[in-house]
Structure formats: structure tokens, C-alpha cells
Amino acid sequence: TPPGLDDVRPWQWDGYEASPLYEYVLDTTQGEEALWKNLRRKLRNDIRETIEAGVTVRRGGREDFVGLWDDTKRRYRQQGLVESTNDKYMHELFDRFFPEHMKIYVGEYRGERVAGNINLMFGDTEFSWIGGVRCDLEGIVPNALVHWESIKSAASEGRRSFVEIGANTRRLCRFKKQFNPEPKHYFNLKAYHNPYMRFIEGVYMDLAKPLGYAISSKLRKEEAEENG
């Protein structure tokens, strides 16, 4: 549902299931100084230390878009998940949206890409869409710096809000809430016009998804053993 639509009873009366979902929203009209002061103290320290270590952030293009999407797919597979969007569709989105409605942020350390975000813009809002792939560099947090730079950019360009798409996964929320955003809800509406679809979805959630996690864990263990 669109933001601000709180009454979903008409859909429920028509047979839809309504599930609440959340996203995080930052008011970027308050300006960079206020946004910085509102960050958690540890996050501010992480960003400073990451800058001091030599991590830089730049705006990217098609090559960076492809690299960040490949990073995201790799991370999904490591967790036993499968991306729900194919490469052709992603490339079409880039062709249609970049650069007017899409921005690419790339964090680099010693000449290598270590973090990045793919953001979308619509009206006076910037959306943090894809990125933040886990970085294992010790002592620095490139994802935090990239995220902060994208928030600063949204504020400096006159955007009124910065939206963290997806605030429904607990472990990811630990990172996102450090920027002190406000949680906003919306609803996922789902209708089962075919009675077998509910059964198939239940089978997937109960069997196929856990099996994917198990296979992924086994593959990671074998890879670690091969690498010594």
C-alpha cells in the first residue's frame, strides 16, 4: 500500500490478507548538522575512523551498478536465498532510471570497491534500495560511511526525506536504526484466488527455504575446508 493508507479493511472484506511491514524514514529538511548530531555516538565514531583509514565515497555508473548487483546476488546465495529479480530486468531499470531517478554510491579502499548503495529518487524523496553488502575489513565500517554520504547528498539536493526500504529484518535494523530514523508502516496485501497457492506457499516456507539454508551452510563449510 502507499504511505499514509492505514485503513485496509475494504481489502480484507474482499478476501485479502493484510500484513503490516515497516520502513525507516529520515527527515532530511533538518539539515546536515542536525542529522549528524542525531546519529548514535558509536556510529559517528565508526564513520570518522573509516574516513581516517582512507575509505572514500564517489558516485558511480553502469559498471558499478553491475558490480553492486553481483555483490548482492552473491550475498543472497551465501544465505541460501535466491534473488527474485533477474539481470535483464535490473539492466532495464538502470537504462530507464539512471541518472535522473537513480544514484550509485561506491565506497573504495586502496583502490577496491568495499561498499556501495543503489538509491532511487521519486519526487522529494530518496530511497536506499540495494547495497550495504557485508564488509569484513577489520576496524572500519565502509557501509556506514556510504550510507551517511548518501543521506548528506539527499539533504544537500533538497530532498525532504530519505527512506530505508525494508525495516523488517531484525539483524539489519540494528544497523539502520543507528541513523535515528522514524519507523513508518505500510501493508502487504495478498489474495489467494487459487486455493492451492496458499498450500504451495506454505510448503515453500516450511521445507524449501530451510533446505536452501542447509545447502548453503554445507557449501560454505566445504569451501572453508578446501581453503584450509
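Every value quoted in this text rests on a predicted model; they were computed, and no experiment measured them.
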Which atoms form the tightest heavy-atom contact between Ala115 and Asn143, and what is the distance?
CB-OD1, 3.1 Å
Could you tell me whether Asp95 and Arg62 make a salt bridge, using a distance below 4.0 angstrom between a side-chain N and a carboxylate O?
yes
Compare all side-chain heavy atoms of Ile118 with those of Phe94 and state whether any distance is below 4.5 angstrom.
no
Are side-chain heavy atoms of Glu126 and Thr28 found at a separation under 4.5 Å?
no
same_hphob_cluster(Tyr109, Val141) at 4.5 Å side-chain heavy-atom cutoff
no
With the side chain counted from C-beta on, respond yes when His185 and Asp6 share a heavy-atom pair under 4.5 Å apart, and no when they do not.
yes
Verify same cluster id: Val146, Ile51 (apolar side-chain graph, 4.5 Å):
yes
Between Trp129 and Leu93, is there a side-chain heavy-atom distance shorter than 4.5 Å?
yes
Atom of Leu145, atom of Val55 and distance for their closest heavy-atom approach
CD2-O, 3.7 Å
Apply side-chain contact (heavy atoms from CB on, under 4.5 Å) to Val66 and His91, showing your working.
CA-CA 8 Å; Val66 172; His91 292 168; 3.9 Å; yes
Look up atom OG in Ser161 and atom CG in Leu26, then write down how far apart they are to the nearest 0.5 Å.
9.0 Å
d(Arg159 CZ, Phe127 CZ) to nearest 0.5 Å is 10.0 Å
Answer yes or no: is there a side-chain heavy-atom contact under 4.5 Å between Lys152 and Trp36?
no
Which residue in the set Arg58, Arg59, Arg113 passes salt bridge (Lys or Arg N to Asp or Glu O under 4.0 Å) when paired with Asp64?
Arg58
Start with the C-alpha gap between Phe162 and Asn119, add the side-chain angles, then the distance that decides, and say whether side-chain contact (heavy atoms from CB on, under 4.5 Å) holds.
CA-CA 10 Å; Phe162 184 90; Asn119 290 4; 3.7 Å; yes
Can you confirm whether Gln12 is buried at CD, in the sense that more than 12 heavy atoms of other residues, nucleotides or ligands lie under 6.0 Å from that atom?
yes
Report the relative orientation of the aromatic rings in Phe179 and His147; use parallel for angles under 30°, tilted for 30 to 60°, perpendicular for over 60°.
tilted
Approximate separation, where rounding is to 0.5 Å, of Ile47 CD1 and Glu52 CD
12.0 Å
Lys42/Asp46 ion pair, N-O < 4.0 Å:
yes
Under 4.5 Å between any side-chain heavy atoms of Met102 and Leu120, yes or no?
yes
In terms of heavy-atom contacts, does CZ of Arg48 have more than 12 from other residues, nucleotides or ligands at under 6.0 Å?
yes
Mind listing the closest non-hydrogen atom pair of Ala53 and Ile140 along with its distance?
CB-CG2, 3.4 Å
Ser128 versus Tyr24: any side-chain heavy-atom pair under 4.5 Å?
no
At what distance, to the nearest 0.5 angstrom, does CG of Asn117 lie from CG of Leu68?
8.0 Å
Pro183 backbone acceptor or donor facing Lys177 side chain under 3.5 Å:
no
Indicate the atoms forming the closest heavy-atom contact of Trp69 with Met90, along with that distance.
CE2-CG, 3.6 Å
For residues Ser153 and Lys103, report the shortest heavy-atom separation together with the two atoms involved.
OG-NZ, 3.0 Å
Heavy-atom pair of closest approach, residues Gly60 and Phe98:
O-CZ, 3.5 Å
Rounded to the nearest 0.5 Å, the CZ atom of Phe122 sits from the CZ atom of Phe97 at a distance of 10.0 Å
Any side-chain heavy atom of Leu5 sitting closer than 4.5 Å to one from Phe187?
no
Kindly work out whether a path of hydrophobic side-chain contacts (I/L/V/M/F/W/Y, heavy atoms less than 4.5 Å apart) joins Leu172 to Val25.
no
Would you say Asn38 and Gln30 are linked by a side-chain donor-acceptor pair, where the criterion is simply a distance under 3.5 Å?
yes
The reported gap from CG in Leu21 to CG in Asn168 (rounded to nearest 0.5 angstrom) is 4.5 Å
